[in-house]
Amino acid sequence: MSLLEINDLSVRYRIQEGPDVRAVEDVNFTVDPGETFGLVGESGCGKTTLGKSLLALLDNNGYVESGEVWYDGVLPRWEDDDGEPKLEVVESDQYPVREDGMMDLTELDVEDMRQVRWRDIALIPQGSMNALNPVYKVGDQIVEAIRIHEPNTSEEEAEGRARDLLERVGIERVRADDYAHQLSGGMKQRAVIALAMACDPAMVIADEPTTALDVIIQDRVLDAIKDMQEEFDAAMLIISHDISVMSETCDRLGVMYGGRLMETGTAEEIFLNPSNPYTLGLQNSFPTVQEEQERLLSIPGTPPDLSQPADECRFAPRCPFATGQCFDDHPPLYSVAEGEAGRLWEADPDESHKTACYRVDEIEELRNQATEEHVWQQETEIH
Amino acid sequence: MSTEESELTWYDGFKDRWSHRYERFQRGWERFTSHRMGIVGVLILVFFSLWAMFPDVFAPHSLQWKAYLGPTGEGRMTLEQADSLPHPPAFGDPFFAPMGTTDNGQGVMTLMVYSARTALYIGFAAGVLSSLVGVPLGLISGFYGDTWIDETIQRIADVVYSLPFLPLVIVLVAVRGITTTNIILAIVVRSWINNCIIIRGETLSLKEHAYVDSAKVAGASDTRIVFRHILPHVLPLSFVYLAQDAAFAILTQASLAYLGLADFTANSWGLMLQNIQSKGYIFEAFWWLIPPGIAITLVAAAFYFIGFSMEDVANPQRSQE
Amino acid sequence: MATGNGDPLIEVRNVSKYFDQTVGVTDRILGRDPQPVRAVENVSLTIDEGDIIGIAGESGCGKTTLGNMLVKLYPPTEGEIIFDGQRLADMSRADEREFRKRVQMIFQDPFESLNPRMTVLDSVAEPLKINDMGETYSQRRERVVEVLNDVGLSPAEQFLDQYPGELSGGERQRVAIARALVVDPDFIVADEPVSMLDVSIRASVLNLMQDLQDEYDLTYLFVSHDLALIRYMTDETGIMYLGDVVEYGDTTQIVENPQHPYTQALFDAVPVVDPKHERHRANVAGEIPSPRNPPSGCKFHPRCPEVIPPDAWRGDQDAYRRLVMFRSGLQDREIGPGSLEGLDVDLDSETAVTMLLERELALDIPQEHRMEDESPESGVNLDRLEMPPDVMDTLRSAAGDALQENYEAALDRFEGVPRSICSREHPGYRTAAGRQAACHLYEGQPEDSLTTAISRADD
């Protein structure tokens with residue numbers, strides 16, 4: 001059973017003038033226990049909003065418009081002796097729990113969400129280097145997290161655990177007495193990882209965990225993340241725009257654009273066999289260290305204005321392969337395996353590699369064409 | 001290049017440059033008026049400005065008018081009538097004093113209207129002068145931060161700041177005479193410092209921005225950078241402080257008048273208060289006491305309200321730019 | 001630095017830049033010397049016309065400072081910079097104005113580098129006004145339109161009246177480039193020109209810069225921490241670490257065959273967009289030290305995986321590396337009773353000493369480079385280290401001192417232990433695999449100045 005199942009999730013923001021901004025629209029994916037899932041996209045694609053919405057951490061004007069977030073966990077007050085939800089909870093309609101025991105996070109109230117956070121799902125927020133409170137010692141913050149979520153822990157025990165955690169991410173025990181500003185950037189990041197792991201969560205959401213870190217430190221932090229994940233057997237949802245980091249760290253990925261999921265699959269599938277025009281454009285547009293590259297391709301145009309509701313495929317205005325159909329309705333997720341065989345079939349939920357493109361049945365051809373510069377320059381250059 | 005462009009005249013250049021400044025101004029105005037306080041402030045000021053500019057229109061009588069006697073001012077008051085001054089508001093014949101009279105027969109309303117001019121003059125003059133001194137000094141001080149220039153200016157500011165206000169005013173006034181101008185000078189000597197320090201702070205942070213560096217790389221001289229690149233950012237903030245200084249000046253002048261340090265030849269609300277206090281009618285003639293007080297409060301508040309709105313224009317929290 | 005086709009345009013000779021040389025009152029009384037931030041230390045370079053040179057490194061390595069000095073934003077503390085035969089420090093007002101027309105800079109943050117209250121026309125015309133180029137308004141406007149079209153903002157007329165806030169990141173950066181080009185410069189320093197732009201936009205801006213090089217006959221210096229960008233855009237690169245240039249040479253060769261251990265680590269650390277590729281992680285311990293107090297000799301040596309043990313060393317290189325790190329930790333006062341905080345042990349006991357050594361001799365490096373049973377929480381198994389017994393005793397005594405916070409005594413104990421050449425002497429530049437690297441690993445007569453080393457190698 002998957003750990004997290006997101007069904008048709010739509011998240012919007014209310015703004016003062018104009019229609020609500022559709023930050024996330026109809027997104028579906030699952031995260032299995034222990035796996036690393038990545039949400040990739042550029043700024044404004046909705047990935048951060050999605051991450052925040054899972055833990056009900058949206059700003060005041062954000063709300064979940066529709067969809068469900070099923071999580072394989074149970075609130076303490078619904079638990080029976082085995083740790084499973086009690087029978088009446090599962091059966092009754094007034095609790096947001098389904099037959100297989102998973103609960104819908106979007107239906108939980110504030111108090112209940114608090115119980116889920118940190119114990120079940122932890123968050124490493126964006127700019128987490130600044131998420132450490134500057135007036136408290138680093139160790140104290142970890143202790144606080146432990147004691148809030150596991151109230152029966154003694155102060156001593158919590159302190160010991162805090163120092164152990166820091167040591168595990170490669171920070172000296174003594175640093176628990178330091179304040180945030182006394183730690184370097186990389187150390188702060190690792191401290192925040194330790195903080196997230198403090199209550200042994202089943203899943204960690206990391207929003208841009210290594211942006212703004214130097215490359216050698218980034219390397220070290222990624223190593224620490226991997227270590228911690230293995231040791232705590234936690235699933236990870238990583239949100240980032242850094243494609244190279246994602247391709248290395250994630251098992252599976254979802255590529256987002258304009259609030260929608262454009263392609264999803266394993267890292268190998270997406271990077272070796274990209275199957276969406278947006279992914280194709282991205283792939284060819286950034287330089288890599290490994291190879292000599294003649295010329296980079298760029299995707300013309302600008303990201304879409306999410307306050308304008310649009311039924312069309314969000315990428316269509318910039319897509320060199322767009323056809324009439326693309327401007328009518330956003331495509332559903334099609335199976336890539338079928339597409340490669342020339343057929344346009346909607347994907348089963350269990351299938352791994354899926355893409356939202358009406359032309360996936362011609363995907364081989366599209367892949368070839370996407371490497372040509374002139375194909376991308378049909379529209380005006382400016383962006 | 002097309003032939004049209006070579007015919008671009010100075011006028012087109014002028015239009016080009018100013019059309020978007022006008023647009024900016026419009027946007028600023030919209031934001032300003034989105035706060036009711038700002039509008040209220042402007043309305044109050046407009047109201048009092050009208051009084052100041054056209055006192056004859058608004059005052060019920062001229063300054064020479066005295067109750068019972070009319071404009072000729074001859075002593076034809078009966079004893080009984082003299083005893084009854086100051087007179088509460090009276091409408092209709094034999095005389096018309098909507099706010100009553102003072103103890104020597106002048107209409108309170110008349111005095112109020114004619115005094116508006118003094119108040120506004122002081123407010124604007126002190127405010128503008130204070131900015132004229134404080135803002136450039138602040139810019140220079142901030143731009144050359146942590147050098148001897150900055151140090152000098154700040155030390156001077158420190159010294160002046162520590163001078164006690166009232167003795168300073170008294171000395172200035174004793175030396176140069178009690179005129180409104182001197183009062184204004186005394187106030188400005190005190191209030192420029194605040195401007196200077198705030199603007200200095202802003203400048204210190206603004207000059208770290210990359211566009212200042214890029215102007216330097218393009219070869220801009222220091223003067224140009226300060227006045228062309230930094231000043232426009234600082235100007236909205238300086239308006240805020242201008243408004244505050246104006247309010248401060250009005251209140252201060254009123255206080256000084258109350259203490260007897262005002263220009264007796266100019267009508268002012270503060271003077272009115274002083275008069276009522278010295279003549280001893282505070283508890284009896286409320287119609288004489290309250291209006292000047294309210295007027296002072298209103299004008300000072302108006303300046304503060306405007307300042308408040310300006311602050312939002314200057315530092316928009318939800319900026320589109 | 002010859003790509004050979006041009007005359008030297010810029011020469012940097014032994015340039016150093018120290019910041020904050022102030023001494024506090026207390027320190028002055030106590031007779032302490034100022035500890036300035038050594039942003040750039042003794043760097044020499046030559047840039048020929050038509051070159052595209054890259055300077056790469058992590059944050060704090062001094063690359064931005066170097067770039068800023070080349071555009072005369074501030075003067076070097078030592079050394080000189082020569083532009084087209086003229087020393088920057090000797091320039092008269094007139095010379096400087098010429099200089100400003102020929103040398104321009106593109107900054108990292110496209111929003112910050114444009115004045116938000118000036119329209120595009122104002123911003124781009126500003127250098128023209130400053131330099132008295134274009135006497136009438138319409139002449140300047142014409143030139144601005146021309147250059148906006150060159151950077152791909154067409155039709156230019158519709159951009160003239162816009163404010164930076166109304167433009168996208170990529171458009172703003174193009175405006176910044178236009179502003180740099182409007183005076184028809186010869187040399188442009190680009191400081192992280194695309195790092196704040198979205199990934200899909202970077203390509204177009206980079207391609208633009210390439211195209212412009214031909215059109216405007218430009219020489220570029222790219223400063224960046226993004227190694228992929230450096231590889232894509234530059235012909236020759238210098239790698240900087242803590243103010244030193246540690247390696248310099250042809251970009252492709254440096255990327256494919258790095259000679260200096262730091263360069264190797266840098267390229268190891270870059271993530272690879274190929275899920276099947278098993279990348280080696282960087283084998284570098286610790287963090288970048290403070291530029292106020294850099295290590296002696298080769299600045300990289302405390303973290304270097306290939307630090308050279310002295311000839312008299314009887315253990316293995318790995319053990320020596322750990323020794324160097326331990327000593328460095330003592331010097332920085334980072335090793336002490338705090339390292340065992342919260343653990344239930346008597347600080348005076350032998351157990352404590354052992355625990356301290358186990359933890360502090362362990363290397364904070366990625367798993368693949370550690371010993372099998374080495375881990376951050378349990379430390380390293382001391383018996384598995386090939387450490388000569390007398391050195392082991394020294395370490396124990398020093399650890400004991402450290403636990404009592406007696407750091408002077410602890411450091412004194414190392415008197416008898418031979419020091420590596422890496423910590424005693426700055427390596428200077430040696431030729432290795434056709435380029436210059438500042439590392440003792442390579443043979444050859446070390447040169448103090450990079451330019452001398454290169455010209456010698458060319459002979």
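Each chain gets a letter, A, B and so on, in the order its sequence line appears, and its residues count up from 1. Just so you know, these numbers come straight off a predicted model, no measurement behind them.
- Residue A:M187 touches chain C through both its backbone and its side chain, counting heavy-atom pairs closer than 4.5 Å.
- Chosen from A:G281, A:A176, A:A267, the residue pairing most often with chain C at heavy-atom distances under 4.5 Å is A:A267.
- Using a 4.0 Å cut-off between a side-chain N of Lys or Arg and a carboxylate O of Asp or Glu, C:R370 and A:D227 qualify as a salt bridge.
- When each of C:H225, C:E360, C:E256 is checked for heavy-atom pairs under 4.5 Å with chain A, C:E360 comes out on top.
- Counting heavy-atom pairs closer than 4.5 Å to chain A, the top residue among C:L266, C:I230, C:D226 is C:L266.
- For the pair A:D223 and A:R220, the salt-bridge criterion is met [side-chain N within less than 4.0 Å of a carboxylate O].
- Of the listed residues A:S244, A:C250, A:G44, the one with more heavy-atom pairs under 4.5 angstrom with chain C than any other is A:S244.
- The aromatic rings of A:Y179 and A:H181 lie parallel to each other, their planes meeting at an angle below 30°, with 60° marking the opposite boundary.
- Using a 4.5 Å cut-off between heavy atoms, A:I217 contacts chain C through both its backbone and its side chain.
- Only the backbone of A:L297 comes within contact range of chain C, with heavy atoms under 4.5 Å apart.
- Interface remark: of the candidates C:T252, C:V284, C:L208, C:L167, C:T252 forms the most heavy-atom pairs closer than 4.5 Å to chain A.
- Screening A:K226, A:R252, A:M236 against A:T36 for a side chain to side chain contact (heavy atoms under 4.5 Å, CB included) leaves a single residue, A:M236.
- Ring geometry for C:F300 against C:Y241 counts as perpendicular: the plane angle is over 60°, on a 0 to 90° scale with 30° as the lower cut.
- Checked for salt-bridge contact, A:R163 and A:E167 miss the test: no charged N lies under 4.0 Å from a carboxylate O.
- With respect to chain C, the highest number of heavy-atom pairs below 4.5 Å among A:D164, A:I216, A:D177 belongs to A:I216.
- Residue A:E42 touches chain C through both its backbone and its side chain, counting heavy-atom pairs closer than 4.5 Å.
- Between the side chains of A:Y257 and A:R318, a donor-acceptor pair is found at a separation under 3.5 Å.
- At distances below 3.5 Å, not a single donor-acceptor pair connects side-chain atoms of C:T251 with backbone N or O atoms of C:R231.
- Of the two parts of A:Q218, only the side chain, counted from C-beta on, holds a non-hydrogen atom closer than 4.5 Å to a non-hydrogen atom of chain C.
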